[in-house]
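Just below is one structure, and these are the notes that go with it.
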Amino acid sequence: MKFHTLVLEGDKKTEKEKMEAQLPVYTKSAYLHRKRLQTQLPLYNRSFYLCRMIEEELKGTVIDGSGKITVCAHQVHPVPGNEKYIYDKNFHISVYYLEQEGIAALETADDDTEPMVIWEILRNTLLDIAQRSHCHEDVCKKIETAFAHIADCHFVREERIDKLTRHSKTNGLTAHVYRILSAETGEGWHIKIADRKGNVYCQEILDNGTKYVDRLGSQLYAKAEWRGNTFVILDRFGKEVFHISVPT
């Protein structure tokens, strides 16, 4: 099976305890550290954008036969035997447990260094899984190239979603839908409606509040169409989830 989903998750119990912990505060740095722990999003949310970028870069790649790989930053392995890497051939899913130094690196990283820490952990994890699975060296090279490209783009990916691009025969305009992945936005979406010369008539941001939902993969944004001068996005059931009307 081809790889399509990557998840990095922390220990929910431990994350909750840190948010509720009343650590002593004697200095400004200690205060800021406590404040960060109490307001910090779960690891799954913080790594969401990077996992989606990796999925796009490695789309169609067979790594170990799993469709979904979950990387766990758990203090205690919730499985017998404490195996580091588990591959379920029946369900085509894999679970990989980080070593303590990897967990410690995540815990001590600040907002500036965390993207690179997560990047390095996920890169090493996928390379280790590929080697354990005796993949051809081309797969390892593809993983290294994908991660290098993400770093070169400064952990930001903006792509036009071609399957949602629609040209209107009524007004001659084209609606372009873009998805942005970054630490700041998580998953952000916006629309630009332009004429044949590229002049933008209007643009709008979609779903300001929700950052950590894979709207493309879950098919929340599945189809698009023009209805007169209104551009509409539909989910997989054909229900309207967004529309924007062009000024006449």
Side-chain angles (χ1 to χ4, degrees), residues 1-10 12 15 41-61 66-71 90-94 150 153 155-248:
M1 179 177 284
K2 295 178 180 178
F3 163 76
H4 58 73
T5 303
L6 179 64
V7 173
L8 174 61
E9 65 178 23
K12 293 181 180 179
E15 289 178 334
L41 292 168
L43 181 58
Y44 170 83
N45 299 59
R46 302 194 323 263
S47 62
F48 177 90
Y49 74 100
L50 195 49
C51 288
R52 300 293 81 76
M53 293 175 69
I54 295 165
E55 291 169 5
E56 293 296 328
E57 292 284 344
L58 295 176
K59 185 180 295 183
T61 304
S66 292
K68 179 179 180 180
I69 297 175
T70 300
V71 184
N90 295 321
F91 294 97
H92 299 287
I93 58 175
S94 296
I150 290 171
C153 294
F155 307 102
V156 177
R157 179 186 178 97
E158 181 175 18
E159 59 180 332
R160 189 176 70 189
I161 309 302
D162 291 334
K163 79 169 189 175
L164 298 177
T165 296
R166 292 292 182 273
H167 177 74
S168 172
K169 295 180 180 179
T170 303
N171 53 37
L173 300 176
T174 301
H176 302 281
V177 181
Y178 297 86
R179 179 173 74 160
I180 300 175
L181 298 168
S182 70
E184 182 179 358
T185 62
E187 178 176 289
W189 290 76
H190 69 272
I191 292 175
K192 288 183 181 179
I193 296 179
D195 60 16
R196 291 184 178 88
K197 295 181 179 180
N199 299 313
V200 177
Y201 272 62
C202 57
Q203 54 187 333
E204 191 164 333
I205 297 173
L206 286 73
D207 299 305
N208 260 331
T210 306
K211 294 183 174 183
Y212 310 107
V213 176
D214 183 359
R215 297 186 177 276
L216 191 62
S218 63
Q219 297 189 56
L220 288 171
Y221 295 160
K223 296 178 286 186
E225 61 185 35
W226 281 95
R227 297 174 182 172
N229 284 327
T230 300
F231 176 68
V232 181
I233 295 179
L234 311 167
D235 65 15
R236 58 179 175 155
F237 300 109
K239 180 182 177 181
E240 178 183 319
V241 292
F242 180 85
H243 72 269
I244 179 173
S245 297
V246 180
T248 55

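Because only heavy atoms are used, hydrogens play no part in the values below, and waters and symmetry mates are left out as well, while side chains stay in.
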Could you tell me how the ring of Phe48 sits relative to the ring of Tyr44: parallel (under 30°), tilted (30 to 60°) or perpendicular (over 60°)?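 The arrangement is perpendicular - the two ring planes meet at more than 60°.
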
With the threshold set at 4.0 Å, does a side-chain nitrogen-carboxylate oxygen contact exist between Glu225 and Arg166?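 Salt bridge absent between Glu225 and Arg166.
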
So that I can tick it off, tell me whether Asp235 and Arg215 are bridged by a salt bridge, with the cut-off set at under 4.0 angstrom between side-chain N and carboxylate O.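 Looking at Arg215 and Asp235, the cut-off is not met.
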
Would the distance check show the side chain of [X] and the main-chain N or O of [Y] forming a donor-acceptor pair, the cut-off being under 3.5 Å?
X: Arg236; Y: Lys223; value: no
X: Ser94; Y: Ser66; value: no
X: Lys211; Y: Glu184; value: yes

Any chance you could measure [X], atom [atom1], to [Y], atom [atom2], to the nearest 0.5 Å?
X: Glu56; Y: Cys51; atom1: CD; atom2: SG; answer: 12.5 Å
X: Lys192; Y: Thr174; atom1: NZ; atom2: OG1; answer: 14.0 Å
X: Ile161; Y: His176; atom1: CD1; atom2: NE2; answer: 13.0 Å

Got a sec, which residues hit side chain to side chain donor-acceptor pair (under 3.5 Å) with Asp195, two or more places apart in sequence or on another chain?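 If we apply the side chain to side chain donor-acceptor pair (under 3.5 Å) test to Asp195, skipping adjacent residues, the hits are Asn199.
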
By side chain to side chain donor-acceptor pair (under 3.5 Å) - contacts of Lys163 (at least two apart):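 By the side chain to side chain donor-acceptor pair (under 3.5 Å) rule, Lys163 matches no residue at all.
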
Hey, which of Ile193, Ile191, Leu173 is the one that makes side-chain contact (heavy atoms from CB on, under 4.5 Å) with Cys202?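 Testing each of Ile193, Ile191, Leu173 against Cys202, the sole residue satisfying side-chain contact (heavy atoms from CB on, under 4.5 Å) is Ile193.
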
Could you check Arg179 against Asp214 for side-chain contact (heavy atoms from CB on, under 4.5 Å), going step by step and ending with a plain yes or no? CA-CA 10 Å; Arg179 179 173 74 160; Asp214 183 359; 3.5 Å; yes

For Leu8 and Leu50, what are the C-alpha separation, side-chain angles and deciding distance, and is it a side-chain contact (heavy atoms from CB on, under 4.5 Å)? CA-CA 10 Å; Leu8 174 61; Leu50 195 49; over 6 Å; no

